[in-house]
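Report on one structure; see the data block that follows.
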Amino acid sequence: MQRVRLGQTDLEVSRICFGCWQMSPRFWGTIPLEPWRAALRLARERGVNFIDTADAYGDGFAEEQLGEFLAREKCREEFVIATKFYWDITREPRVPNTARDYILRACESSLRRLRIEYIDLYQVHAWDPLLRPEEVADAFGQLRREGKVRWFGVSNWNDAQMRMGRRHFEISTLQPCYSLLRRDAEAREFPFCLEHGIGTLVYSPLERGLLTERPRPERFGDHRDNDPWFQRAVYDRIRQGVTELKPIAQRHGLSIAQLAVRWVLTHPAVTCAIVGIKSAEHLESILPAADGVLPSADWHEAANVMGQARREAERFLAGMR
Ligand SMILES: NC(=O)c1ccc[n+]([C@@H]2O[C@H](COP(=O)([O-])OP(=O)(O)OC[C@H]3O[C@@H](n4cnc5c(N)ncnc54)[C@H](OP(=O)(O)O)[C@@H]3O)[C@@H](O)[C@H]2O)c1
């Protein structure tokens with residue numbers, strides 16, 4: 001698997017990043033662990049060296065499981081580990097906390113759960129309106145001096161928030177949502193990242209399974225059962241668009257899921273696509289997406305097809321309200 005430099009860091013990462021949100025029972029129900037571990041083993045074999053997790057995924061569960069795998073297989077050095085802090089997972093209900101002392105504590109807890117000495121990329125999970133940049137800078141400075149974190153990034157921040165943050169601390173990466181259905185990052189965040197050499201790891205490139213050919217189950221048994229985009233009538237409109245993507249995918253010998261991931265990887269501001277993985281089959285079947293980029297005409301055609309599908313789905317949703 002081809003490696004690329006992550007922004008201006010010294011991290012060399014695979015363009016497919018292994019996403020661990022699926023290890024959050026709160027959102028995804030109970031995930032069988034053996035197939036997930038098999039996926040991690042496959043990642044090692046195939047050179048997928050970038051893993052994205054968060055303390056919030058399963059309130060520590062995802063980090064613990066990853067830590068157990070890394071320790072048991074003695075393979076920490078083979079991976080670039082990205083995790084996140086933001087929600088105080090020790091309280092219910094969870095609330096954001098970006099205070100200096102909280103960040104230091106959260107990092108210690110992540111290191112303990114992950115059973116590692118240092119985190120390669122430590123990300124602020126989302127924007128906190130109460131964030132005090134001097135405190136974040138103080139905590140980040142200490143974590144770097146102590147060798148506990150190598151690089152820092154943010155997730156779900158807009159360009160103005162990054163501009164402000166960068167006056168106080170280094171922001172090496174942005175983790176935004178980006179897919180054929182959600183392209184908001186193109187307008188301001190991507191130009192900002194390109195201008196400042198910020199690496200991007202984009203999430204939900206498959207729109208949690210909408211941008212695939214897998215038939216809709218009667219019940220998902222997870223958060224998708226309550227998500228308007230996954231209700232039958234809306235889902236069917238999106239899937240109509242997916243059907244229209246098929247000729248484009250076929251021109252490149254790709255499945256729909258591979259096309260969706262290659263589409264995000266084609267954008268010049270995108271460094272990596274984080275794909276949510278539950279099994280080796282998930283990972284295996286997405287890998288070919290990383291072998292190249294789409295020609296511009298096909299990229300635009302796919303964008304137009306799914307833009308239309310999204311508008312129809314939104315019209316339908318608006319009518320339901
Ligand atoms: N920073 C943030 O706020 C944030 C938010 C969301 C996600 N993320 C990160 O980004 C990662 C990916 O995002 P995501 O989980 O929202 O969405 P995603 O990658 O778009 O979708 C993942 C889902 O797609 C299906 N899938 C995966 N591989 C497939 C394949 N090869 N063929 C067909 N279907 C496949 C699976 O659905 P089934 O379950 O139906 O098998 C899986 O649960 C997360 O794991 C997490 O690390 C970050």
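The structure presented is a predicted model; accordingly, all values stated were derived computationally and were not measured. In each ligand, atom 1 is the first atom listed, and ligand 1 is the first ligand listed. Side chains included, hydrogens not; waters and symmetry mates left out as well; all remaining heavy atoms used. Residue numbers count from 1 along this sequence.
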Please say whether S155 places an N or O atom under 3.5 Å from an N or O atom belonging to ligand 1.
-> yes

Would you please name every residue forming a side-chain contact (heavy atoms from CB on, under 4.5 Å) with L33, sequence neighbours left out?
-> M23, R37, F61, Q65

Protein contact to atom 41 (O) of ligand 1 [nearest heavy atom, distance to 0.1 Å] | R214 NH1, 2.6 Å

At under 4.0 Å between heavy atoms, what of W28 touches ligand 1? The answer is side chain

Do other residues, nucleotides or ligands put more than 12 heavy atoms under 6.0 Å from E117 CD?
-> no

Under the side chain to side chain donor-acceptor pair (under 3.5 Å) rule, collect the residues that match up with R112, sequence neighbours excluded.
-> none

Option of least heavy-atom distance to atom 28 (N) of ligand 1 (set: H282, R224, K84) = H282

Decide whether an N or O pair under 3.5 Å exists between W21 and ligand 1.
-> yes

Given that the side chain starts at C-beta and the backbone is N, CA, C, O, which of these parts of S255 lies under 4.0 Å from ligand 1, counting heavy atoms, or is it both or neither?
-> neither

Nearest neighbour in protein (non-hydrogen) for atom 21 (O) of ligand 1 = R208 CA, 3.2 Å

Q123, portion touching ligand 1 at heavy-atom distance under 4.0 Å | neither

D222 and ligand 1 - part of the residue with a heavy-atom distance under 4.0 Å | neither

Side chain, backbone, both or neither: which part of E284 comes within less than 4.0 Å of ligand 1 when only heavy atoms are counted?
-> neither

Under 3.5 Å, N or O to N or O, is L206 touching ligand 1 that way?
-> yes

May I ask you to check whether over 12 heavy atoms, not counting those of R94, lie within 6.0 Å of atom CZ?
-> yes

Evaluate the side-chain proximity of V149 to D120: yes if any heavy-atom separation is below 4.5 Å, no if none is.
-> no

Below 4.0 angstrom from a heavy atom of P205, which ligand 1 atoms are there? Numbered from 1 as shown, please.
-> 19 (O), 20 (O)

Which of the numbered atoms in ligand 1 are below 4.0 angstrom from a heavy atom of H125?
-> 1 (N), 2 (C), 3 (O)

Under 4.0 Å from any heavy atom of E207, which atoms of ligand 1 are there?
-> 20 (O)

Which protein non-hydrogen atom lies closest to atom 27 (C) of ligand 1, naming both residue and atom, and how far is it?
-> G276 O, 3.2 Å

For atom 2 (C) of ligand 1, closest protein heavy-atom neighbour = Y203 CE2, 3.3 Å

Atoms of ligand 1 less than 4.0 Å from D52 heavy atoms?
-> 9 (C), 46 (C), 47 (O)

Which residue owns the protein heavy atom closest to atom 48 (C) of ligand 1, what's the atom, and how far is it?
-> Q175 OE1, 3.0 Å

Can you pull out the closest protein heavy atom to atom 24 (O) of ligand 1? Residue, atom name and distance to 0.1 Å, please.
-> G209 N, 3.5 Å

What is the closest protein heavy atom to atom 34 (N) of ligand 1, and at what distance does it sit?
-> T212 CG2, 3.5 Å

Just heavy atoms, cut-off under 4.0 Å: does S204 contact ligand 1 by side chain, backbone, both, or neither?
-> both

Is the number of heavy atoms from other residues, nucleotides or ligands within 6.0 Å of CD (E218) greater than 12?
-> no

Any idea which part of I274 is under 4.0 Å from ligand 1, heavy-atom wise: side chain, backbone, both or neither?
-> both

Of all the non-hydrogen atoms in the protein, which one sits nearest to atom 30 (C) of ligand 1, and at what distance?
-> S285 OG, 3.8 Å

